Q: 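Pasting a structure here, questions to come.
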Amino acid sequence: VQAAASDGRDPVAAVSAATGAGTVVRGAFYEVGGRLQFRAEVVDARSGVILSAPDPVSAHRDSSQVAIGRLRDRIGGSLAVATDSRLAEVPGLAEHPPTFDAYQAFDRGLEHYLQQDYGEAAADFLQAWDRDTTFATALVYAASTLLNTGRPETADSLVTLLAGKRDALSALDNYRWEHLRAYLDGDGERELRALRRAFELG
């Protein structure tokens, strides 16, 4: 890769040609005020399109392995999302993927949900949130699933918590949040509007 960079060739293309990889992770690290900051991007080697760019991680220069482990977990989450046909099209999720262990809990939740095992699904979605508190989408799913289990008070508490995290939600999940809020408030007209917008985006 260094040779490819020094002779002007694209490092991603060089790695792809040398290994046959269709997806390449590239990154860099910087020292900022005694701390190391690591950045990475998951790139489609054929098109050069960035598939995911997890948020950078940083750690004291003596704890670089901790930061690398956290970044690796985010990259694992982004690759899992990108290869999961149920999630690959969820707006915003590829750009801000969950950690891999949060994805695994979320994945179990989706399986339980499809089997209409809503109690287990809700527990899995909440575990996904517990493992990665930036993964606000998991709370939307948890709140929606809790309504199916007849627990509106718990769902309401999650919807209230999400009110301060809506900037971490995709446009689709924001409409899903609007629908949940309106349903819990008994505002049928607002609920219908949110459902229509979510349907259009979905």
Side-chain angles (χ1 to χ4, degrees), residues 23 42 44 51-55 70 72-202:
T23 304
V42 180
D44 182 313
L51 302 174
S52 175
D55 292 335
R70 285 170 38 214
R72 181 179 59 233
D73 199 25
R74 289 275 174 202
I75 291 167
S78 70
L79 291 171
V81 166
T83 57
D84 187 331
S85 60
R86 299 164 306 173
L87 299 178
E89 301 302 318
V90 175
L93 196 55
E95 291 82 4
H96 300 286
T99 62
F100 185 65
D101 58 345
Y103 162 80
Q104 289 178 309
F106 189 78
D107 178 56
R108 285 192 303 274
L110 288 176
E111 288 299 322
H112 284 128
Y113 187 87
L114 292 173
Q115 295 164 10
Q116 297 183 353
D117 187 352
Y118 299 126
E120 287 295 321
D124 290 328
F125 293 141
L126 288 170
Q127 187 176 65
W129 164 255
D130 186 56
R131 291 181 177 182
D132 180 358
T133 56
T134 69
F135 190 20
T137 294
L139 281 186
V140 175
Y141 279 78
S144 180
T145 305
L146 285 165
L147 287 176
N148 288 339
T149 66
R151 295 163 63 190
E153 297 84 6
T154 309
D156 195 314
S157 68
L158 295 184
V159 171
T160 300
L161 175 62
L162 275 165
K165 302 181 182 302
R166 292 184 65 191
D167 58 342
L169 295 175
S170 68
L172 176 60
D173 282 337
N174 261 296
Y175 283 118
R176 293 182 68 212
W177 179 89
E178 283 279 355
H179 162 256
L180 291 167
R181 180 73 277 158
Y183 175 84
L184 290 163
D185 292 344
D187 187 341
E189 186 177 329
R190 185 171 147 220
E191 182 187 353
L192 182 59
R193 280 199 311 269
L195 276 175
R196 284 177 172 158
R197 293 295 291 129
F199 180 78
E200 289 168 8
L201 281 176

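Because the structure is predicted, anything quoted here is derived from the model rather than measured.
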Q: Kindly compute the distance separating OH (Tyr175) from CZ (Arg197), expressed to the nearest 0.5 Å.
A: 4.0 Å

Q: Looking at Val140, Leu180, Thr137, which hits side chain to side chain contact (heavy atoms under 4.5 Å, CB included) with Leu162?
A: Val140

Q: Taking all atoms of both residues into account, what is the closest heavy-atom pair of Leu146 and Ala122, and its distance?
A: CD2-CB, 3.8 Å

Q: In chain order, what residues pass the side chain to side chain donor-acceptor pair (under 3.5 Å) check against Arg176, with sequence neighbours excluded?
A: Asp173

Q: Using the side chain to side chain donor-acceptor pair (under 3.5 Å) criterion, which residues pair with Thr99? Sequence neighbours excluded.
A: Asp101

Q: Please name all residues satisfying side chain to side chain donor-acceptor pair (under 3.5 Å) with Asp117, sequence neighbours left out, ordered by chain then number.
A: none

Q: Nearest heavy-atom pair of His179 and Ala194: which atoms, and what distance?
A: N-CB, 3.5 Å

Q: Between Asp124 and Asp107, does the side chain to side chain contact (heavy atoms under 4.5 Å, CB included) criterion hold? Intermediate values first, please.
A: CA-CA 8 Å; Asp124 290 328; Asp107 178 56; over 6 Å; no

Q: Can you name the nearest heavy-atom pair linking Ala136 to Leu169, along with the distance?
A: CB-CD2, 3.6 Å

Q: Could you tell me which non-hydrogen atom of Val159 sits nearest to which non-hydrogen atom of Ala143, and how far apart they are?
A: CG2-CB, 3.9 Å

Q: Verify, without hydrogens or angle tests, whether Trp177 (side chain) and Arg166 (backbone) share a donor-acceptor contact under 3.5 angstrom.
A: no

Q: Once you round to the nearest 0.5 Å, how far does OG of Ser78 lie from OH of Tyr103?
A: 11.5 Å

Q: Give the minimum heavy-atom separation between Gly109 and Ala121, together with the two atoms involved.
A: O-CB, 3.4 Å

Q: Enter the distance from Ser144:OG to Leu158:CG here, rounded to the nearest 0.5 Å.
A: 11.0 Å

Q: Between Glu111 and Arg108, is a salt bridge (Lys or Arg N to Asp or Glu O under 4.0 Å) present by the stated rule, with each step listed?
A: CA-CA 5 Å; Glu111 288 299 322; Arg108 285 192 303 274; over 6 Å; no

Q: Okay, side chain of Asp185, backbone of Asp187: is any donor-acceptor separation there less than 3.5 Å?
A: no

Q: So, Gln104 and Arg131: side-chain donor and acceptor under 3.5 Å apart, yes or no?
A: no

Q: With the side chain counted from C-beta on, respond yes when Asp44 and Thr23 share a heavy-atom pair under 4.5 Å apart, and no when they do not.
A: no

Q: Which atoms form the tightest heavy-atom contact between Asp132 and Pro98, and what is the distance?
A: OD2-CA, 3.2 Å

Q: So, using salt bridge (Lys or Arg N to Asp or Glu O under 4.0 Å) as the criterion, who are the partners of Glu189 when residues are at least two apart?
A: Arg193

Q: If we only count heavy atoms from C-beta on, is the Thr134 to Arg74 side-chain gap below 4.5 Å?
A: yes

Q: According to side chain to side chain donor-acceptor pair (under 3.5 Å), who are the partners of Asp156, at least two apart in sequence or on a separate chain?
A: Thr160, Arg181

Q: Ring pair (Phe, Tyr, Trp, His ring centres under 6.0 Å): which pairs involve residues 111-134, sequence neighbours left out?
A: Phe106-Phe125, Tyr113-Tyr118, Phe125-Tyr141

